[in-house]
Protein chains: 2
Amino acid sequence: MQMEPQPFDRVLSSMCTEPHPVAREAAERFLATNPGDPGTYRTVSALEDDAIAILGEIAGLEEPAGYVASGGTEANVQAVRIARERADDRRPNVVIPDSGHFSFHKASDVLGVELRVVPTDDRHRADVAAVRAAVDEETALVVGVAGSTEYGRVDPIVVLSEIAADAGAMCHVDAAWGGFVLPFTDYEWHFDHAAIDSMTIDPHKMGQAAVPAGGLLVRSSDLLDELAVDTPYLESTDQATLTGTRSGAGVASAVAAMDELWPDGYRGQYVRSQNNAEWLAGALEQRGYAVVEPTLPLVAADIPQSTFDALRAEGWRLSRAATGEVRIVCMPHVTREMLASFVDDLDRLESRSSAPTAGDD
Amino acid sequence: MQMEPQPFDRVLSSMCTEPHPVAREAAERFLATNPGDPGTYRTVSALEDDAIAILGEIAGLEEPAGYVASGGTEANVQAVRIARERADDRRPNVVIPDSGHFSFHKASDVLGVELRVVPTDDRHRADVAAVRAAVDEETALVVGVAGSTEYGRVDPIVVLSEIAADAGAMCHVDAAWGGFVLPFTDYEWHFDHAAIDSMTIDPHKMGQAAVPAGGLLVRSSDLLDELAVDTPYLESTDQATLTGTRSGAGVASAVAAMDELWPDGYRGQYVRSQNNAEWLAGALEQRGYAVVEPTLPLVAADIPQSTFDALRAEGWRLSRAATGEVRIVCMPHVTREMLASFVDDLDRLESRSSAPTAGDD
């Protein structure tokens, strides 16, 4: 097998990144383990407890409970599943801003719950009045996003949790990407800030762990019981995860990364990433592009389709928001040099398209 | 992080194993990739096509379609999900022998389908008459097991597929563990033997890939469309997997293992494992234990609870079938020496419990 993985030097679209060296080392060491079979693979199962303890500390959860999932999709699906199981109704609904990740659509499809997608306001945050209007007696869950996929925005989590409580619904926060940068901001987003019940927070995104290491946290461990199925022929007796066999590499690598980087390493990375995002936003604005202000390290800018295509042809890995803006996620592997090189390519390609040469007519 | 993973030298309970060296190398090389985002992580996405091509060759599928899942649980859940989507009924049912893996109970819970569990016969295979009696107009799927978790038995797949076809239902084969040994037996189990629609076949079990590398195969790629959700903000446009971000390490390692071992390496391993299972079954029978004949490399034997507990206290990783037999899975890491050492410990512990010393009264 002669193929090599893609380099990261032009990847601007991904919310994953190169794992931190200690995370890579731990992943390689624990490659042949399965936390899905904790009686047999005991060390990695103990490590998972450590992972949840640190995640709880990051997310303001005094008695942390949860598990290391395959990623944010699994964690979001499981949060919806918990709410469905807790609901009295046969056809519960989930209220979510249109900035919610597509995994909630997958959850709706898989779990047979109704998804009520409400608009965001002009700052790309959940429109509180629209959420309030959408919630009813059959609402099982209100979802808030803390670091949205498209614009890196944080919903008014405290207000959303109050709306949920008033309706007798649960409240879930999707901080899959944001969870490892929000601790260094003034946002109110976590268990100690608001009466939320569950959270997605992925070590393999800004947490610099190796894929697959997502995180599901719940306020109380009895919420996990809603997910448990019996497990004959394992040494343990039940299993709350959506998948069965799981990656010990992901678990070990999450612990290694968080041990190494929480909190100072993550703070430093947040500052570097945020500075990069603001530098890029400034550079794009100077050139006349409409830019969505990067309140977290994610820049969205209105770049014409022809330029977008030309940049991709140059090897830049880019993707678009639903409304068309190019998203540039300032992950740890995205350096200032990389962004400067991107802007240089943008200038070159734009000048070419706006100033055709003599041979072009 | 000073912890070390468990050694494999006393693991007899797991259906996972130490990855082959080429599989480990590939997993480490592709650690920082995400086949869930194929537009960005292109090499690993191409490797996934290779993985499905080889899996198709192993499973008698001329135009292979499917994907590398997190494991057998995800693949089984997705097979049930396809059948649910294809069903006309609001409350479809799935007919499955009681030898079916617990992941089908998880699928039933998650997906809201009725599970009709039917007995197995005295050879631990699906009771065909019971399956026929359980199937009705609302049956969406008939499941057969090709290498059961408890006894390594293979259901009469051809007959099950005919029952399914007569009922207008789909047919799924769970060959998660068996798929990499069955090609070297006379069993009829795959797409070219029977009119089955989908199959679970996991490279990270007998295929010697690194976790997580399960496999879902479908007879026709349009079955995957039943699973697809739109994926804004990725470079690609839809996603048929249950999880979102996925492990490139698992995918690369599956390709490396299969490139290296299919078919001769797997054949050699099957012969070694099967010989080991037969040796162990003989040794246990000689000692008076009731043993379920290992028709595939898995031995189940009736060992008293006190001895079972004593063996676990000695560090042997063991688990039980639902009816109480100890299961010993002859995975590639399970050598003849290991089994001899296990039998020595068994002898020592049994003689101690049956012949108490003077100090014991």
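A note on names: the letters A, B, ... follow the listed sequences, proteins ahead of strands, and every chain is numbered from 1.
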Residue [X] versus chain A: region with a heavy atom under 4.5 Å:
X: B/Arg320; answer: backbone
X: B/His101; answer: both
X: B/Thr33; answer: both
X: B/Glu4; answer: both
X: B/Val11; answer: side chain
X: B/Arg246; answer: backbone
X: B/Asp109; answer: both

Under a 4.5 Å cutoff for heavy-atom pairs, which residue among [options] has the most contacts with chain B?
options: A/Thr73, A/Val77, A/Val22; value: A/Thr73
options: A/Gly39, A/Ala322, A/Gly248; value: A/Gly39
options: A/Ala32, A/Pro212, A/Gly244; value: A/Ala32
options: A/His105, A/Glu18, A/His204; value: A/His204
options: A/Gly71, A/Ala210, A/Ser13; value: A/Ser13

Looking at [X] and [Y], what are the two nearest heavy atoms and their distance?
X: B/Thr241; Y: B/Gln78; result: C-NE2, 3.4 Å
X: A/Ala300; Y: A/Glu325; result: CB-CB, 4.0 Å
X: A/Phe104; Y: A/Val80; result: CD2-CG2, 3.9 Å

Using a cut-off of under 4.5 Å on heavy-atom pairs, state which of [options] scores highest against chain A.
options: B/Val110, B/Thr243, B/Thr231; value: B/Val110
options: B/Leu227, B/Asp230, B/Thr149; value: B/Thr149
options: B/Asn34, B/Asp37, B/Leu242; value: B/Leu242

If you measure only the distance, is there a donor-acceptor pair under 3.5 Å linking the side chains of [X] and [Y]?
X: A/Ser319; Y: A/Arg327; result: yes
X: B/Asp98; Y: B/Thr120; result: yes
X: A/Glu74; Y: A/Tyr67; result: yes
X: A/Thr40; Y: B/Ser14; result: no

The interface call for A/Leu318 against chain B, heavy-atom contacts under 4.5 Å, is backbone
Next item on the list: Side-chain contact test, heavy atoms from C-beta onward, threshold under 4.5 Å: evaluate it for B/Val255 versus A/Met3 and give yes or no.
Entry: no
Going by an N to O cut-off under 4.0 Å, is there a salt bridge joining A/Glu28 and A/Arg24?
yes
Donor-acceptor contact below 3.5 Å, side chain A/Asp202 vs main chain A/Gly215 | yes
